[in-house]
Amino acid sequence: FSALPFRGLQGLTRLGIGGPNPGGSPKPADFENAGLSGDFSGTGGYNGSWCTPVVLRTGNRDELVLVESSQVAAYHPKTGESLWTFKGLPSQVFASPAVGEGVLVAMGHITPVGTKVIATKLGGTGDVSETHRLWEVNLRKECIGSGVVAGGCVFLITDGGFGVCLDLKTGKEIWQE
C-alpha cells in the first residue's frame, strides 16, 4: 500500500491509500497515531492497489490521480473531492500510471496470467469511462512495473524481463523483445 504525506506541496491533503482495499478510495490518514493503529491498508487479500499516485496539472487544475482496484480516479489534491473516474481495470493493480502527451496509461493483473492495459485522455468530470477511453489491450505477459510514455509510445517491462512497446494512440503492439 501507499501512504502519502504531501509536506513539500503547499496546501495538499495528506491521504492514506489502502493497498488490499477493493474500491480503495483515498481516506484521510491518521499519521499522528499510525504507530498505534498500524493499519491503513483496508480489508486484506490479493485484490487492491499497490500503486503510488501522481499529482499532475490538467488544464487549469491540479489532479491527484490514483490507479485503484477496478478503476482510475482523480481527486482534488487540496480537498480530496472526486473529480473523475475511469472504470474497467481488473481488481488487482500494481503499477503507478504512465502519463504523457495528454494520455494516462494504467494496467492491472488478469487472472490467471496477463495484463490489461488501458489508455484514457486526461481531465474531465464524473465517469469518463466511455467519453475518454482511447483503447484497451490484454497482454499475455505480466507487466508489474510502471510504464513510461515517450515519443508516441508506452513502454512496459514484463516480470520475465521482456520490453513491450505499444503505440500510445492505438494500443497496437509495435515490438516486444
Side-chain angles (χ1 to χ4, degrees), residues 1-4 13 15-29 40-59 61-149 154 156 164 166-173:
F1 72 89
S2 172
L4 302 173
T13 303
L15 299 172
I17 310 301
N21 183 16
S25 298
K27 52 190 175 243
F40 300 157
S41 66
T43 60
Y46 291 105
N47 294 328
S49 172
W50 286 265
C51 81
T52 300
V54 295
V55 177
L56 47 99
R57 185 88 174 155
T58 302
R61 71 180 183 202
D62 292 326
E63 298 179 352
L64 184 143
V65 180
L66 174 64
V67 181
E68 299 177 348
S69 176
S70 304
Q71 69 179 9
V72 180
Y75 299 92
H76 189 286
K78 291 183 181 178
T79 66
E81 169 194 2
S82 177
L83 300 173
W84 57 263
T85 57
F86 182 97
K87 296 179 171 84
L89 280 175
S91 59
Q92 189 178 49
V93 295
F94 302 110
S96 297
V99 181
E101 302 176 33
V103 176
L104 179 138
V105 178
M107 56 190 165
H109 171 70
I110 301 170
T111 303
V113 174
T115 303
K116 182 175 192 173
V117 186
I118 62 100
T120 180
K121 293 183 287 185
L122 291 171
T125 57
D127 185 346
V128 299
S129 304
E130 298 305 319
T131 59
H132 285 54
R133 180 182 308 271
L134 297 174
W135 51 264
E136 70 177 61
V137 296
N138 292 331
L139 303 176
R140 292 183 180 206
K141 298 189 186 281
E142 296 284 354
C143 297
I144 295 175
S146 299
V148 174
V149 172
V154 60
L156 308 171
V164 179
L166 304 177
D167 183 275
L168 188 60
K169 291 181 182 173
T170 65
K172 183 177 180 178
E173 186 175 299

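Since the structure is predicted, the reported quantities are computational estimates derived from the model, not experimental observations.
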Residue pairs passing the salt bridge (charged side-chain N to carboxylate O under 4.0 Å, His left out) test where at least one lies in residues 89-108, sequence neighbours excluded: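 Non-adjacent pairs meeting salt bridge (charged side-chain N to carboxylate O under 4.0 Å, His left out): zero.
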Value rounded to 0.5 Å, distance of [atom1] in [X] from [atom2] in [Y]:
{"X": "K87", "Y": "R133", "atom1": "NZ", "atom2": "CZ", "value": "11.0 Å"}
{"X": "R61", "Y": "T125", "atom1": "CZ", "atom2": "OG1", "value": "7.0 Å"}
{"X": "L89", "Y": "H109", "atom1": "CG", "atom2": "NE2", "value": "13.0 Å"}
{"X": "L66", "Y": "Q71", "atom1": "CG", "atom2": "CD", "value": "8.5 Å"}

Heavy-atom check, side chain of [X] versus side chain of [Y], under 4.5 Å:
{"X": "L139", "Y": "M107", "answer": "no"}
{"X": "V67", "Y": "F94", "answer": "no"}
{"X": "V105", "Y": "L166", "answer": "no"}
{"X": "L168", "Y": "L134", "answer": "no"}
{"X": "W50", "Y": "Q92", "answer": "yes"}

Candidate pair L104 and V65, rule side-chain contact (heavy atoms from CB on, under 4.5 Å), full reasoning: CA-CA 9 Å; L104 179 138; V65 180; 3.4 Å; yes
Donor-acceptor pairs under 3.5 Å, side chain of residues 112-124 to any protein atom, not counting sequence neighbours: which ones?
{"unit_1": "T115", "atom_1": "OG1", "unit_2": "K141", "atom_2": "O", "d": "2.9"}
{"unit_1": "T115", "atom_1": "OG1", "unit_2": "C143", "atom_2": "N", "d": "2.7"}
{"unit_1": "K116", "atom_1": "NZ", "unit_2": "G88", "atom_2": "O", "d": "2.8"}
{"unit_1": "K116", "atom_1": "NZ", "unit_2": "E136", "atom_2": "OE2", "d": "3.4"}
{"unit_1": "T120", "atom_1": "OG1", "unit_2": "H132", "atom_2": "O", "d": "3.2"}

Could you pull out the closest heavy-atom pair between [X] and [Y], with the gap in Å?
{"X": "A95", "Y": "G145", "result": "CB-O, 3.5 Å"}
{"X": "V54", "Y": "P97", "result": "CG2-CG, 3.9 Å"}
{"X": "G147", "Y": "A98", "result": "O-CB, 3.5 Å"}
{"X": "S69", "Y": "G48", "result": "CB-CA, 3.9 Å"}
{"X": "D167", "Y": "T170", "result": "OD1-N, 2.9 Å"}
{"X": "E68", "Y": "V93", "result": "O-CG2, 3.7 Å"}

Residue list, side chain to side chain donor-acceptor pair (under 3.5 Å) with R140, at least two apart or on another chain: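 In terms of side chain to side chain donor-acceptor pair (under 3.5 Å), with neighbours along the sequence ignored, R140 is linked to no residue.
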Any donor-acceptor pair under 3.5 Å from S96 side chain to T52 backbone: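 Yes; judged by distance alone, with no hydrogens or angles, the pair exists.
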